[in-house]
J.: 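Quick one: this structure, given as C-alpha coordinates, is what I'll be asking you about.
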Amino acid sequence: MKYAAKFFKDGEYIGVEFPDLVGCYSQGKNLEEAEKNAAKALGRFLGEINFYPASKEYQGEGIKMIEPVEDVDDTHSLMINPAVRRRIVFPKNQETLGEKLAEKIRKAAGV
(Lines give C-alpha, C1' and ligand atoms only; values in the text may rest on other atoms or scores of the structure.)
Protein backbone atom coordinates (compact mmCIF):
# COMPACT_ATOMS: atom_id res chain seq x y z
CA MET A 1 0.00 0.00 0.00
CA LYS A 2 1.31 3.43 -0.89
CA TYR A 3 0.89 6.62 1.15
CA ALA A 4 0.82 10.21 0.00
CA ALA A 5 3.98 12.10 0.93
CA LYS A 6 4.32 15.86 0.73
CA PHE A 7 7.82 17.07 -0.15
CA PHE A 8 8.90 20.60 0.78
CA LYS A 9 12.06 22.68 1.08
CA ASP A 10 13.32 22.74 4.70
CA GLY A 11 16.40 24.95 4.84
CA GLU A 12 19.21 23.01 3.17
CA TYR A 13 17.14 19.81 3.14
CA ILE A 14 14.06 18.37 1.47
CA GLY A 15 11.46 17.64 4.16
CA VAL A 16 8.79 14.96 3.82
CA GLU A 17 5.54 14.58 5.74
CA PHE A 18 2.68 12.12 5.40
CA PRO A 19 -0.72 13.89 5.65
CA ASP A 20 -2.52 10.65 6.64
CA LEU A 21 0.00 9.70 9.33
CA VAL A 22 0.42 12.37 11.99
CA GLY A 23 3.94 12.24 13.40
CA CYS A 24 5.60 10.51 10.43
CA TYR A 25 8.29 12.81 9.00
CA SER A 26 11.61 12.50 7.21
CA GLN A 27 14.12 14.52 5.22
CA GLY A 28 17.09 14.22 2.90
CA LYS A 29 19.88 16.28 1.42
CA ASN A 30 18.33 15.91 -2.04
CA LEU A 31 15.13 14.53 -3.54
CA GLU A 32 16.52 11.01 -4.05
CA GLU A 33 17.72 10.75 -0.44
CA ALA A 34 14.47 12.28 0.85
CA GLU A 35 12.41 9.64 -1.01
CA LYS A 36 14.61 6.81 0.29
CA ASN A 37 14.48 8.10 3.87
CA ALA A 38 10.72 8.67 3.62
CA ALA A 39 10.12 5.04 2.60
CA LYS A 40 12.20 3.86 5.57
CA ALA A 41 10.48 6.25 7.99
CA LEU A 42 7.10 5.11 6.69
CA GLY A 43 8.04 1.45 7.20
CA ARG A 44 9.20 2.10 10.76
CA PHE A 45 6.12 4.18 11.59
CA LEU A 46 3.67 1.59 10.30
CA GLY A 47 5.58 -1.19 12.04
CA GLU A 48 5.39 0.71 15.31
CA ILE A 49 1.65 1.29 15.17
CA ASN A 50 1.15 -2.33 14.00
CA PHE A 51 -1.49 -1.68 11.33
CA TYR A 52 -1.86 -0.07 7.93
CA PRO A 53 -4.47 2.71 7.95
CA ALA A 54 -6.15 3.64 4.68
CA SER A 55 -4.46 6.33 2.65
CA LYS A 56 -6.30 9.05 0.79
CA GLU A 57 -5.14 10.18 -2.59
CA TYR A 58 -3.79 13.70 -2.70
CA GLN A 59 -2.85 15.73 -5.72
CA GLY A 60 -0.79 18.82 -6.10
CA GLU A 61 2.73 20.06 -6.32
CA GLY A 62 5.20 18.20 -4.13
CA ILE A 63 2.91 15.16 -3.58
CA LYS A 64 4.20 11.68 -4.36
CA MET A 65 2.91 8.23 -3.40
CA ILE A 66 5.49 6.30 -1.33
CA GLU A 67 5.56 2.60 -0.52
CA PRO A 68 6.94 1.64 2.92
CA VAL A 69 10.15 -0.41 3.14
CA GLU A 70 11.76 -2.19 6.06
CA ASP A 71 14.96 -0.50 7.14
CA VAL A 72 17.43 -3.38 7.19
CA ASP A 73 20.45 -1.07 6.71
CA ASP A 74 19.96 0.62 10.07
CA THR A 75 20.25 -2.44 12.34
CA HIS A 76 23.47 -1.17 13.91
CA SER A 77 21.96 2.11 15.13
CA LEU A 78 18.96 0.24 16.54
CA MET A 79 21.30 -1.98 18.58
CA ILE A 80 23.23 1.03 19.89
CA ASN A 81 20.11 3.02 20.78
CA PRO A 82 17.17 0.65 21.22
CA ALA A 83 14.64 3.42 21.92
CA VAL A 84 10.98 2.53 22.03
CA ARG A 85 8.21 5.09 21.80
CA ARG A 86 4.77 4.34 23.17
CA ARG A 87 1.71 6.49 23.63
CA ILE A 88 -0.63 6.05 26.58
CA VAL A 89 -4.08 7.65 26.44
CA PHE A 90 -6.05 8.24 29.63
CA PRO A 91 -9.73 9.15 29.87
CA LYS A 92 -10.31 12.82 30.73
CA ASN A 93 -11.50 11.95 34.24
CA GLN A 94 -8.14 10.23 34.92
CA GLU A 95 -5.96 13.01 33.55
CA THR A 96 -4.13 13.59 36.85
CA LEU A 97 -3.21 9.89 36.99
CA GLY A 98 -1.57 10.26 33.58
CA GLU A 99 0.33 13.36 34.71
CA LYS A 100 1.57 11.57 37.84
CA LEU A 101 2.70 8.57 35.78
CA ALA A 102 4.48 10.82 33.28
CA GLU A 103 6.27 12.62 36.13
CA LYS A 104 7.45 9.30 37.62
CA ILE A 105 8.74 8.19 34.23
CA ARG A 106 10.61 11.48 33.73
CA LYS A 107 12.22 11.17 37.18
CA ALA A 108 13.22 7.54 36.56
CA ALA A 109 14.73 8.50 33.20
CA GLY A 110 16.53 11.50 34.71
CA VAL A 111 14.84 13.96 32.39
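Keep in mind that the numbers below use all heavy atoms, side chains included, and drop hydrogens, waters and symmetry copies.
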J.: Do I66 and F18 make a side-chain contact, defined as non-hydrogen atoms from C-beta onward lying under 4.5 Å apart?
T.: yes

J.: Please name all residues satisfying salt bridge (charged side-chain N to carboxylate O under 4.0 Å, His left out) with E17, sequence neighbours left out, ordered by chain then number.
T.: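 E17: no salt bridge (charged side-chain N to carboxylate O under 4.0 Å, His left out) contacts found.
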
J.: Going by side-chain hydrogen bond (donor to acceptor under 3.5 Å, both in side chains), name the pairs with one or both residues in residues 21-30, residues two or more places apart or in two chains.
T.: none

J.: Quick one: CG on N37 to CZ on R44, what's the gap to the nearest 0.5 Å?
T.: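 Those atoms lie 9.5 Å apart.
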
J.: Does the D20 side chain pair with the main chain of Y3, one donor and one acceptor, at a distance under 3.5 Å?
T.: no

J.: Considering residues, nucleotides and ligands other than E61, do more than 12 of their heavy atoms fall under 6.0 Å from its CD?
T.: no

J.: Is F8 reachable from V22 through a run of hydrophobic residues whose side-chain heavy atoms are each under 4.5 Å from the next?
T.: no

J.: So which heavy atom on G23 is nearest to which on F45, and how close?
T.: C-CE1, 4.0 Å

J.: Quick one: list whatever passes salt bridge (charged side-chain N to carboxylate O under 4.0 Å, His left out) with K6, sequence neighbours left out.
T.: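 K6 satisfies salt bridge (charged side-chain N to carboxylate O under 4.0 Å, His left out) with no residue once adjacent residues are dropped.
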
J.: Can you tell me how far CD of E67 sits from CD of E35, rounded to the nearest 0.5 angstrom?
T.: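 It is 13.0 Å, given to the nearest 0.5 Å.
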
J.: Going by heavy atoms in the side chains, are C24 and L46 under 4.5 Å from each other?
T.: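 They are not in contact (no side-chain heavy atoms under 4.5 Å apart), so the answer is no.
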
J.: If every non-hydrogen atom of G15 is compared with every non-hydrogen atom of D10, which pair is closest and at what distance?
T.: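 It is N-CB, 4.0 Å.
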
J.: Please determine whether the number of non-hydrogen atoms from other residues, nucleotides or ligands lying under 6.0 Å from atom NZ of K56 exceeds 12.
T.: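 No, because the 6.0 Å sphere around NZ of K56 holds 12 heavy atoms or fewer from other groups.
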
J.: Going hydrophobic residue to hydrophobic residue with side-chain gaps under 4.5 angstrom, can you get from L42 over to M1?
T.: yes

J.: Quick check: are there more than 12 heavy atoms from other residues, nucleotides or ligands sitting under 6.0 Å from OH of Y58?
T.: yes

